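For reference, the structure discussed in these notes is given below.
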Amino acid sequence: MPSADQSALEKAREKLKLKNFETIRDFKSRHPQADFLFKERGVDLGKIREHSGKVISTGLLAGAVLAGPQIQATDIPPPNELIAKAKENLKIDLDDSKIKINPTANKATNHEVLKDILKDFLPQYTRPLTRNEEKYLEIVLSDLTGVPVKATLEGEHLNTTYGRIGAEQHLKRYPGDVLANHSPAKDEYGGENPQEILKEGIAPGLGAWGYFAKSEDQLTDHLAENEKWYAVVQTLYLPDWNARQPYLRDWYKYRKVLIVNTQNGNAVVASIADSGPAAWTGKHYGGSPEVMDYLGGAKYKKGPVLLFFVDDPENKVPLGPVEYDKLDLGKIAMGG
Amino acid sequence: MSKIFYDKLLKLEKVEKHINNVADTNEQKQEMWGIVDSMIHYKMMDLILQKLQQDLHKEFIEEFTKNPRDKGHFKYLKKHIGEDIKSFLSLEMERFTLVILNELREITE
(Lines give C-alpha, C1' and ligand atoms only; values in the text may rest on other atoms or scores of the structure.)
Protein backbone atom coordinates (compact mmCIF):
# COMPACT_ATOMS: atom_id res chain seq x y z
CA MET A 1 0.00 0.00 0.00
CA PRO A 2 1.60 3.33 -0.99
CA SER A 3 2.55 5.73 1.80
CA ALA A 4 0.84 9.10 2.14
CA ASP A 5 3.95 10.80 0.69
CA GLN A 6 4.04 8.49 -2.31
CA SER A 7 0.37 9.08 -2.76
CA ALA A 8 0.95 12.89 -2.76
CA LEU A 9 3.74 12.47 -5.30
CA GLU A 10 1.58 10.30 -7.52
CA LYS A 11 -1.29 12.75 -7.32
CA ALA A 12 1.00 15.69 -8.10
CA ARG A 13 2.50 13.80 -11.04
CA GLU A 14 -0.94 12.93 -12.40
CA LYS A 15 -2.21 16.48 -12.07
CA LEU A 16 0.84 17.94 -13.78
CA LYS A 17 0.71 15.36 -16.55
CA LEU A 18 -2.94 16.12 -17.16
CA LYS A 19 -2.28 19.86 -17.20
CA ASN A 20 0.63 19.28 -19.58
CA PHE A 21 -1.58 17.19 -21.84
CA GLU A 22 -4.22 19.95 -21.90
CA THR A 23 -1.62 22.63 -22.63
CA ILE A 24 -0.16 20.66 -25.52
CA ARG A 25 -3.64 19.82 -26.84
CA ASP A 26 -4.61 23.52 -26.78
CA PHE A 27 -1.41 24.50 -28.57
CA LYS A 28 -1.91 21.92 -31.32
CA SER A 29 -5.52 22.85 -31.88
CA ARG A 30 -4.73 26.58 -32.06
CA HIS A 31 -1.54 26.26 -34.07
CA PRO A 32 -1.61 23.11 -36.23
CA GLN A 33 0.83 24.58 -38.75
CA ALA A 34 3.31 25.49 -36.02
CA ASP A 35 3.00 22.01 -34.57
CA PHE A 36 3.82 20.60 -38.00
CA LEU A 37 6.79 22.97 -38.38
CA PHE A 38 8.32 21.82 -35.10
CA LYS A 39 7.81 18.16 -36.06
CA GLU A 40 9.31 18.83 -39.49
CA ARG A 41 12.44 20.14 -37.81
CA GLY A 42 12.57 17.20 -35.45
CA VAL A 43 12.10 19.48 -32.45
CA ASP A 44 9.98 18.47 -29.46
CA LEU A 45 8.91 21.82 -28.07
CA GLY A 46 8.44 20.27 -24.64
CA LYS A 47 12.14 19.36 -24.63
CA ILE A 48 13.44 22.54 -26.21
CA ARG A 49 16.16 22.89 -23.59
CA GLU A 50 17.81 19.66 -24.73
CA HIS A 51 17.62 20.91 -28.28
CA SER A 52 19.11 24.26 -27.22
CA GLY A 53 22.02 22.43 -25.62
CA LYS A 54 22.71 20.53 -28.83
CA VAL A 55 22.54 23.75 -30.87
CA ILE A 56 25.16 25.41 -28.64
CA SER A 57 27.65 22.57 -28.84
CA THR A 58 27.21 22.26 -32.62
CA GLY A 59 27.63 26.02 -33.04
CA LEU A 60 30.86 26.10 -31.07
CA LEU A 61 32.32 23.41 -33.27
CA ALA A 62 31.14 25.03 -36.50
CA GLY A 63 32.53 28.39 -35.43
CA ALA A 64 35.95 26.90 -34.92
CA VAL A 65 35.86 25.34 -38.39
CA LEU A 66 34.44 28.34 -40.24
CA ALA A 67 36.79 30.97 -38.83
CA GLY A 68 38.98 31.64 -41.79
CA PRO A 69 42.43 33.17 -42.02
CA GLN A 70 42.66 36.80 -41.09
CA ILE A 71 44.91 39.41 -42.57
CA GLN A 72 48.24 39.52 -40.79
CA ALA A 73 49.75 42.86 -39.87
CA THR A 74 52.81 42.15 -42.03
CA ASP A 75 50.62 41.64 -45.13
CA ILE A 76 49.29 45.20 -45.11
CA PRO A 77 51.19 48.26 -46.29
CA PRO A 78 50.84 51.36 -44.09
CA PRO A 79 47.57 53.23 -44.66
CA ASN A 80 49.26 56.30 -46.16
CA GLU A 81 50.86 54.05 -48.77
CA LEU A 82 47.49 52.53 -49.58
CA ILE A 83 46.01 55.97 -50.10
CA ALA A 84 48.98 57.25 -52.08
CA LYS A 85 48.99 54.20 -54.34
CA ALA A 86 45.31 54.55 -55.06
CA LYS A 87 45.72 58.24 -55.85
CA GLU A 88 48.70 57.56 -58.11
CA ASN A 89 46.40 55.77 -60.45
CA LEU A 90 44.74 58.99 -61.48
CA LYS A 91 45.64 60.06 -64.93
CA ILE A 92 45.88 63.69 -65.85
CA ASP A 93 45.58 65.12 -69.33
CA LEU A 94 46.87 68.64 -69.59
CA ASP A 95 45.87 71.03 -72.27
CA ASP A 96 46.61 74.73 -72.65
CA SER A 97 44.20 76.11 -70.19
CA LYS A 98 42.88 73.50 -67.87
CA ILE A 99 43.51 70.25 -66.09
CA LYS A 100 41.38 67.32 -67.09
CA ILE A 101 41.08 64.02 -65.28
CA ASN A 102 41.25 61.04 -67.58
CA PRO A 103 37.70 59.70 -67.34
CA THR A 104 38.86 56.12 -67.87
CA ALA A 105 41.00 56.24 -64.75
CA ASN A 106 38.34 58.03 -62.73
CA LYS A 107 40.22 57.79 -59.48
CA ALA A 108 40.65 61.47 -58.76
CA THR A 109 38.23 61.76 -55.85
CA ASN A 110 38.60 60.60 -52.29
CA HIS A 111 35.40 58.70 -52.80
CA GLU A 112 36.86 56.64 -55.63
CA VAL A 113 40.10 56.16 -53.73
CA LEU A 114 38.23 54.83 -50.72
CA LYS A 115 36.17 52.51 -52.85
CA ASP A 116 39.31 51.03 -54.39
CA ILE A 117 41.07 50.60 -51.09
CA LEU A 118 38.09 48.89 -49.48
CA LYS A 119 37.72 46.59 -52.45
CA ASP A 120 41.31 45.42 -52.11
CA PHE A 121 41.59 45.50 -48.35
CA LEU A 122 38.41 44.02 -46.95
CA PRO A 123 37.65 40.30 -46.85
CA GLN A 124 35.04 39.08 -49.29
CA TYR A 125 32.57 38.25 -46.53
CA THR A 126 31.76 40.39 -43.55
CA ARG A 127 33.31 39.38 -40.24
CA PRO A 128 34.71 41.02 -37.09
CA LEU A 129 37.98 42.70 -38.07
CA THR A 130 41.28 42.33 -36.24
CA ARG A 131 42.58 45.23 -34.22
CA ASN A 132 45.26 45.87 -36.85
CA GLU A 133 42.72 45.91 -39.64
CA GLU A 134 40.62 48.37 -37.67
CA LYS A 135 43.59 50.62 -36.97
CA TYR A 136 44.33 50.86 -40.68
CA LEU A 137 40.75 51.58 -41.51
CA GLU A 138 40.56 54.29 -38.83
CA ILE A 139 43.35 56.14 -40.61
CA VAL A 140 42.01 55.49 -44.11
CA LEU A 141 38.45 56.47 -43.26
CA SER A 142 39.41 59.55 -41.23
CA ASP A 143 41.81 60.75 -43.91
CA LEU A 144 39.55 60.26 -46.89
CA THR A 145 36.13 61.17 -45.48
CA GLY A 146 37.29 63.92 -43.17
CA VAL A 147 35.32 62.36 -40.32
CA PRO A 148 37.48 61.27 -37.36
CA VAL A 149 36.56 57.68 -36.51
CA LYS A 150 37.51 54.99 -34.03
CA ALA A 151 36.65 51.32 -33.80
CA THR A 152 37.14 51.51 -30.02
CA LEU A 153 36.02 54.75 -28.41
CA GLU A 154 36.44 55.38 -24.69
CA GLY A 155 37.02 51.67 -24.26
CA GLU A 156 33.77 50.70 -25.98
CA HIS A 157 33.64 48.44 -29.03
CA LEU A 158 30.73 46.84 -30.85
CA ASN A 159 30.51 43.16 -31.68
CA THR A 160 31.74 43.93 -35.20
CA THR A 161 32.81 46.92 -37.31
CA TYR A 162 32.29 45.14 -40.63
CA GLY A 163 28.86 43.66 -41.10
CA ARG A 164 25.64 43.73 -43.04
CA ILE A 165 23.10 46.50 -42.67
CA GLY A 166 19.40 46.14 -43.24
CA ALA A 167 16.56 48.55 -43.82
CA GLU A 168 14.54 49.73 -40.83
CA GLN A 169 11.29 51.62 -40.49
CA HIS A 170 10.77 55.13 -39.20
CA LEU A 171 10.55 55.43 -35.43
CA LYS A 172 7.86 57.25 -33.47
CA ARG A 173 9.52 60.39 -32.19
CA TYR A 174 6.82 61.44 -29.73
CA PRO A 175 3.46 60.10 -28.54
CA GLY A 176 1.01 60.31 -31.44
CA ASP A 177 3.68 60.56 -34.13
CA VAL A 178 2.55 59.11 -37.46
CA LEU A 179 4.25 58.23 -40.72
CA ALA A 180 2.99 61.30 -42.58
CA ASN A 181 4.94 63.51 -40.18
CA HIS A 182 8.18 61.97 -41.47
CA SER A 183 7.65 63.20 -45.00
CA PRO A 184 10.60 65.40 -45.97
CA ALA A 185 10.07 68.98 -47.03
CA LYS A 186 11.08 69.97 -50.53
CA ASP A 187 14.41 71.40 -49.36
CA GLU A 188 15.24 68.42 -47.16
CA TYR A 189 16.93 65.15 -48.04
CA GLY A 190 14.51 63.04 -50.05
CA GLY A 191 12.22 66.02 -50.64
CA GLU A 192 12.18 65.54 -54.40
CA ASN A 193 10.50 62.17 -53.95
CA PRO A 194 9.08 61.80 -50.43
CA GLN A 195 7.46 58.44 -51.15
CA GLU A 196 10.90 56.84 -51.35
CA ILE A 197 11.51 57.94 -47.76
CA LEU A 198 8.09 56.90 -46.48
CA LYS A 199 7.72 53.54 -48.18
CA GLU A 200 9.29 51.54 -45.33
CA GLY A 201 6.55 52.68 -43.01
CA ILE A 202 6.74 53.36 -39.28
CA ALA A 203 7.60 50.77 -36.64
CA PRO A 204 4.70 49.63 -34.45
CA GLY A 205 6.93 49.71 -31.37
CA LEU A 206 9.42 52.24 -30.04
CA GLY A 207 13.18 52.27 -30.42
CA ALA A 208 15.28 50.96 -27.55
CA TRP A 209 15.54 54.42 -26.03
CA GLY A 210 11.85 55.16 -26.36
CA TYR A 211 10.43 58.38 -27.72
CA PHE A 212 12.86 61.06 -28.84
CA ALA A 213 10.72 63.79 -27.23
CA LYS A 214 7.86 63.84 -24.75
CA SER A 215 5.61 65.72 -27.16
CA GLU A 216 5.58 67.18 -30.65
CA ASP A 217 6.28 70.61 -29.16
CA GLN A 218 9.44 69.32 -27.55
CA LEU A 219 10.81 67.71 -30.70
CA THR A 220 13.78 69.91 -31.56
CA ASP A 221 15.50 69.91 -34.93
CA HIS A 222 18.39 68.07 -33.36
CA LEU A 223 16.15 65.30 -32.02
CA ALA A 224 14.37 65.05 -35.37
CA GLU A 225 17.74 64.63 -37.06
CA ASN A 226 18.58 61.80 -34.64
CA GLU A 227 15.56 59.88 -35.91
CA LYS A 228 16.06 60.82 -39.53
CA TRP A 229 19.63 59.54 -39.59
CA TYR A 230 19.36 56.73 -37.10
CA ALA A 231 21.32 53.52 -36.91
CA VAL A 232 20.60 50.25 -35.16
CA VAL A 233 23.46 48.33 -33.55
CA GLN A 234 23.54 45.07 -31.63
CA THR A 235 24.04 46.39 -28.11
CA LEU A 236 21.99 43.41 -26.93
CA TYR A 237 24.87 41.10 -27.84
CA LEU A 238 27.54 43.01 -25.98
CA PRO A 239 28.81 40.60 -23.33
CA ASP A 240 28.70 43.21 -20.56
CA TRP A 241 25.54 45.03 -21.63
CA ASN A 242 23.49 43.94 -18.60
CA ALA A 243 26.33 44.22 -16.14
CA ARG A 244 27.21 47.81 -16.95
CA GLN A 245 23.85 49.50 -16.79
CA PRO A 246 22.85 52.29 -16.88
CA TYR A 247 26.27 53.45 -18.09
CA LEU A 248 26.23 51.62 -21.43
CA ARG A 249 22.65 52.54 -22.16
CA ASP A 250 23.49 56.22 -21.75
CA TRP A 251 26.77 55.88 -23.61
CA TYR A 252 25.19 54.37 -26.71
CA LYS A 253 22.14 56.64 -26.80
CA TYR A 254 22.42 58.80 -29.97
CA ARG A 255 26.11 57.89 -30.25
CA LYS A 256 27.39 59.04 -33.65
CA VAL A 257 28.71 56.44 -36.05
CA LEU A 258 30.13 56.59 -39.56
CA ILE A 259 28.58 54.03 -41.87
CA VAL A 260 30.32 53.32 -45.17
CA ASN A 261 28.81 51.24 -47.94
CA THR A 262 31.84 49.17 -48.88
CA GLN A 263 30.51 48.50 -52.36
CA ASN A 264 30.10 52.09 -53.52
CA GLY A 265 31.94 54.15 -50.91
CA ASN A 266 28.87 56.15 -49.88
CA ALA A 267 29.14 57.30 -46.28
CA VAL A 268 26.76 58.75 -43.75
CA VAL A 269 27.06 59.90 -40.14
CA ALA A 270 24.23 58.30 -38.19
CA SER A 271 22.94 58.36 -34.62
CA ILE A 272 22.39 55.12 -32.67
CA ALA A 273 18.72 55.08 -31.70
CA ASP A 274 17.75 51.43 -31.55
CA SER A 275 19.14 48.05 -30.59
CA GLY A 276 19.18 45.03 -32.91
CA PRO A 277 18.69 43.38 -35.31
CA ALA A 278 18.41 39.78 -34.17
CA ALA A 279 21.53 37.84 -35.09
CA TRP A 280 19.63 35.23 -37.04
CA THR A 281 18.55 37.81 -39.60
CA GLY A 282 22.11 37.65 -40.91
CA LYS A 283 22.42 41.37 -40.38
CA HIS A 284 24.50 43.27 -37.84
CA TYR A 285 23.14 46.78 -38.19
CA GLY A 286 20.05 48.66 -39.27
CA GLY A 287 19.61 51.99 -40.98
CA SER A 288 16.72 54.44 -41.11
CA PRO A 289 15.04 54.95 -44.48
CA GLU A 290 17.12 58.08 -45.07
CA VAL A 291 20.36 56.31 -44.13
CA MET A 292 19.63 53.40 -46.46
CA ASP A 293 18.53 55.70 -49.26
CA TYR A 294 21.78 57.63 -49.12
CA LEU A 295 23.98 54.57 -48.75
CA GLY A 296 22.55 52.68 -51.67
CA GLY A 297 19.54 54.32 -53.25
CA ALA A 298 15.81 53.69 -53.27
CA LYS A 299 16.08 49.94 -53.74
CA TYR A 300 18.88 49.33 -51.27
CA LYS A 301 17.64 46.97 -48.56
CA LYS A 302 20.80 45.34 -47.26
CA GLY A 303 24.50 45.12 -47.89
CA PRO A 304 28.00 45.11 -46.38
CA VAL A 305 29.12 48.20 -44.50
CA LEU A 306 31.79 49.44 -42.16
CA LEU A 307 30.52 51.04 -38.97
CA PHE A 308 32.91 53.00 -36.76
CA PHE A 309 32.32 55.40 -33.87
CA VAL A 310 32.75 59.08 -34.70
CA ASP A 311 35.31 60.65 -32.41
CA ASP A 312 33.55 63.96 -31.85
CA PRO A 313 33.89 65.18 -28.25
CA GLU A 314 32.83 68.73 -29.20
CA ASN A 315 29.78 67.57 -31.16
CA LYS A 316 30.83 69.29 -34.34
CA VAL A 317 30.25 66.54 -36.88
CA PRO A 318 26.77 66.87 -38.39
CA LEU A 319 24.49 63.91 -38.94
CA GLY A 320 23.69 62.92 -42.49
CA PRO A 321 25.51 62.35 -45.78
CA VAL A 322 29.28 62.66 -45.93
CA GLU A 323 29.95 64.35 -49.23
CA TYR A 324 33.63 63.75 -49.68
CA ASP A 325 33.58 63.03 -53.40
CA LYS A 326 34.73 66.45 -54.41
CA LEU A 327 37.74 66.71 -56.70
CA ASP A 328 40.89 67.85 -54.93
CA LEU A 329 41.96 70.24 -57.72
CA GLY A 330 44.60 71.94 -55.58
CA LYS A 331 46.66 68.81 -55.13
CA ILE A 332 46.25 67.79 -58.75
CA ALA A 333 47.48 71.16 -60.00
CA MET A 334 50.58 70.79 -57.86
CA GLY A 335 51.20 67.41 -59.41
CA GLY A 336 50.71 65.57 -56.10
CA MET B 1 20.17 23.29 -18.14
CA SER B 2 20.25 25.20 -21.44
CA LYS B 3 18.67 28.62 -21.53
CA ILE B 4 15.78 29.74 -23.67
CA PHE B 5 15.43 33.39 -24.65
CA TYR B 6 12.33 33.93 -22.48
CA ASP B 7 13.69 32.34 -19.29
CA LYS B 8 13.99 35.66 -17.49
CA LEU B 9 10.24 36.15 -17.74
CA LEU B 10 9.52 33.00 -15.72
CA LYS B 11 9.02 33.00 -11.95
CA LEU B 12 8.83 29.43 -10.77
CA GLU B 13 10.17 29.58 -7.24
CA LYS B 14 6.82 28.71 -5.65
CA VAL B 15 6.33 25.81 -8.03
CA GLU B 16 9.78 24.59 -7.08
CA LYS B 17 8.83 24.75 -3.41
CA HIS B 18 5.76 22.59 -3.94
CA ILE B 19 7.65 20.08 -6.04
CA ASN B 20 10.30 19.82 -3.34
CA ASN B 21 7.52 19.12 -0.83
CA VAL B 22 6.26 16.06 -2.70
CA ALA B 23 9.41 14.75 -4.40
CA ASP B 24 12.13 13.19 -2.26
CA THR B 25 14.78 12.08 -4.73
CA ASN B 26 16.52 14.09 -7.44
CA GLU B 27 15.11 11.69 -9.98
CA GLN B 28 11.56 12.43 -8.85
CA LYS B 29 12.22 16.18 -8.84
CA GLN B 30 13.71 16.06 -12.33
CA GLU B 31 10.70 14.16 -13.61
CA MET B 32 8.28 16.68 -12.14
CA TRP B 33 10.35 19.59 -13.45
CA GLY B 34 10.38 18.02 -16.87
CA ILE B 35 6.58 18.03 -16.93
CA VAL B 36 6.39 21.64 -15.71
CA ASP B 37 9.07 22.71 -18.19
CA SER B 38 7.18 21.13 -21.07
CA MET B 39 4.03 23.01 -20.11
CA ILE B 40 5.92 26.28 -19.89
CA HIS B 41 7.36 26.00 -23.38
CA TYR B 42 4.07 25.07 -25.01
CA LYS B 43 2.22 27.83 -23.19
CA MET B 44 4.85 30.44 -24.02
CA MET B 45 4.89 29.50 -27.69
CA ASP B 46 1.08 29.50 -27.72
CA LEU B 47 1.06 33.08 -26.40
CA ILE B 48 3.71 34.25 -28.85
CA LEU B 49 2.03 32.72 -31.88
CA GLN B 50 -1.35 34.12 -30.85
CA LYS B 51 0.15 37.60 -31.03
CA LEU B 52 2.43 37.16 -34.04
CA GLN B 53 0.77 37.40 -37.45
CA GLN B 54 0.23 34.04 -39.11
CA ASP B 55 2.50 34.59 -42.10
CA LEU B 56 5.48 35.17 -39.80
CA HIS B 57 5.05 31.95 -37.80
CA LYS B 58 7.21 29.87 -40.10
CA GLU B 59 10.07 32.37 -40.08
CA PHE B 60 9.97 32.75 -36.30
CA ILE B 61 9.83 29.01 -35.63
CA GLU B 62 12.69 28.39 -38.06
CA GLU B 63 14.91 30.90 -36.35
CA PHE B 64 13.81 29.91 -32.84
CA THR B 65 14.70 26.27 -33.44
CA LYS B 66 18.10 27.26 -34.86
CA ASN B 67 18.99 29.14 -31.68
CA PRO B 68 16.43 29.03 -28.87
CA ARG B 69 18.50 31.18 -26.52
CA ASP B 70 19.10 34.12 -28.85
CA LYS B 71 17.96 37.34 -27.13
CA GLY B 72 17.36 38.74 -30.61
CA HIS B 73 14.05 36.89 -30.71
CA PHE B 74 12.60 39.56 -28.45
CA LYS B 75 13.73 42.22 -30.94
CA TYR B 76 11.95 40.37 -33.70
CA LEU B 77 8.76 40.00 -31.66
CA LYS B 78 8.83 43.64 -30.60
CA LYS B 79 9.30 44.73 -34.18
CA HIS B 80 6.40 42.69 -35.52
CA ILE B 81 3.97 42.68 -32.60
CA GLY B 82 4.46 46.25 -31.48
CA GLU B 83 3.13 46.17 -27.97
CA ASP B 84 5.32 45.57 -24.95
CA ILE B 85 5.61 41.88 -25.66
CA LYS B 86 7.86 41.13 -22.70
CA SER B 87 5.37 42.56 -20.21
CA PHE B 88 2.52 40.72 -21.87
CA LEU B 89 4.31 37.37 -21.81
CA SER B 90 5.50 37.92 -18.27
CA LEU B 91 1.99 38.65 -17.01
CA GLU B 92 0.40 35.75 -18.86
CA MET B 93 3.05 33.31 -17.67
CA GLU B 94 2.51 34.52 -14.12
CA ARG B 95 -1.18 33.66 -14.49
CA PHE B 96 -0.29 30.27 -15.94
CA THR B 97 2.10 29.59 -13.09
CA LEU B 98 -0.70 30.34 -10.61
CA VAL B 99 -2.83 27.71 -12.37
CA ILE B 100 -0.05 25.16 -11.91
CA LEU B 101 0.35 26.20 -8.29
CA ASN B 102 -3.34 25.77 -7.60
CA GLU B 103 -3.17 22.26 -8.96
CA LEU B 104 -0.26 21.46 -6.65
CA ARG B 105 -1.63 23.23 -3.58
CA GLU B 106 -4.66 20.93 -3.46
CA ILE B 107 -2.25 18.09 -2.87
CA THR B 108 0.49 19.54 -0.75
CA GLU B 109 -1.43 21.74 1.62
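Proteins get letters first, then strands, A, B, ... in listed order; numbering begins at 1 in each. Just so you know, these numbers come straight off a predicted model, no measurement behind them.
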Q. Are the side chains of A/P277 and B/K75 in touch, meaning some heavy atoms are under 4.5 Å apart?
A.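 With C-beta onward as the side chain, the pair stays apart.
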Q) Would B/F64 and A/W280 satisfy ring-ring contact (aromatic ring centres under 6.0 Å, His included), going step by step from the backbone distance to the final call? A) CA-CA 9 Å; B/F64 171 66; A/W280 55 255; over 10 Å; no
Got a second to check how far [X]'s [atom1] is from [Y]'s [atom2], nearest 0.5 Å?
X: B/I61; Y: A/E40; atom1: CD1; atom2: CD; value: 10.0 Å
X: B/I19; Y: A/L9; atom1: CD1; atom2: CG; value: 10.0 Å
X: A/I48; Y: B/D37; atom1: CD1; atom2: CG; value: 10.5 Å
X: B/K71; Y: A/Q234; atom1: NZ; atom2: CD; value: 11.0 Å

Q.
Minimum heavy-atom separation for B/M32 and A/A12, please, with both atom names.
A.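 Heavy atoms only, the tightest pair is CE-CB, 3.4 Å.
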Q: Search all heavy atoms of B/L10 against all heavy atoms of A/R49 and return the closest pair with its distance.
A: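 Here B/L10 and A/R49 meet closest at CD1-NH2, 4.4 Å.
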Q. Crowded around A/K47 NZ? As in, over 12 foreign heavy atoms under 6.0 Å?
A. no
Q: Would you mind checking which part of B/Q50 comes under 4.5 Å of any heavy atom in chain A, side chain (CB onward), backbone (N, CA, C, O), both or neither?
A: both
**Q.** Region of B/F74 in contact with chain A, defined by heavy-atom distances below 4.5 Å
**A.** neither
Q) So, does B/K79 use its side chain to make a donor-acceptor pair with the main chain of A/G276 at under 3.5 Å? A) no
Q: Would you please test B/K8 and A/N242 for side chain to side chain contact (heavy atoms under 4.5 Å, CB included) and show each step?
A: CA-CA 13 Å; B/K8 284 194 174 168; A/N242 289 326; 3.7 Å; yes
Q: Against chain A, work out which of B/E59, B/H73, B/H80, B/Q28 has the most heavy-atom pairs shorter than 4.5 Å and name it.
A: B/H73
**Q.** Residue, of B/M45, B/K43, B/Q54, that accumulates the most heavy atom pairs under 4.5 Å with chain A
**A.**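 Heavy-atom pairs under 4.5 Å are most numerous for B/M45.
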Q) Which bit of A/S275 is near chain B, if near means a heavy-atom gap under 4.5 Å: side chain, backbone, both or neither? A)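 Interface part for A/S275: both.
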Q) With a 4.5 angstrom heavy-atom cut-off, which part of A/A203 approaches chain B: side chain, backbone, both or neither? A)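 When you check distances to chain B, no heavy atom of A/A203 falls under 4.5 Å.
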Q.
Strictly less than 4.5 Å between heavy atoms, which residues of residues 13-38 of chain A line up against chain B? Please order them by number.
A.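 Checking residues 13-38 of chain A against chain B gives A/R13, A/K15, A/L16, A/K17, A/K19, A/N20, A/T23, A/I24, A/F27, A/R30, A/H31, A/Q33, A/A34, A/L37, A/F38.
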